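From a predicted model like this one, the values you see are computed outputs, not experimental measurements.
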Amino acid sequence: MADLALIYGLRLLPVEELDAVEDAVVKLKNGKTARVAMHLIHGDQSSIQKQLAQSIEAFFDFYPEI
């Protein structure tokens, strides 16, 4: 199994203040860049926690070779 890095960020903001969510850029040592898709989950605390846990599980399902 490869030595991996999981890149993520979390921020809670009032949903009515959001205008746009854009991809984040990661700079690689070889000079290239990679994009990290940002995802928006909104609801109450319990709903957000449940959706986030499901999203993390689904992410690893996409990469079974990891």
Heavy-atom check, side chain of Tyr8 versus side chain of Ile56, under 4.5 Å:
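A side-chain contact under 4.5 Å is absent here.
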Is it the case that over 12 heavy atoms from other parts of the model lie below 6.0 angstrom from the CG atom of Asn30?
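Yes.
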Checking side-chain polar atoms at under 3.5 Å, does Gln51 have a donor or acceptor matched by the opposite partner on Ser55?
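There is no such pair (donor and acceptor under 3.5 Å, judged by atom type) between the side chains of Gln51 and Ser55.
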Are [Y] and [X] co-members of a hydrophobic cluster defined by side-chain heavy atoms under 4.5 Å apart?
| X | Y | value |
| --- | --- | --- |
| Leu4 | Val26 | no |
| Phe60 | Ile41 | yes |
| Leu12 | Leu52 | yes |
| Phe59 | Leu10 | yes |
| Met38 | Leu13 | no |

Given Val25 and Val36, is the side-chain contact (heavy atoms from CB on, under 4.5 Å) satisfied, shown in steps?
CA-CA 6 Å; Val25 177; Val36 177; over 6 Å; no
OG1 of Thr33 to CG of Asp23: how many Å apart, nearest 0.5 Å?
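So the OG1 of Thr33 and the CG of Asp23 are separated by 11.0 Å.
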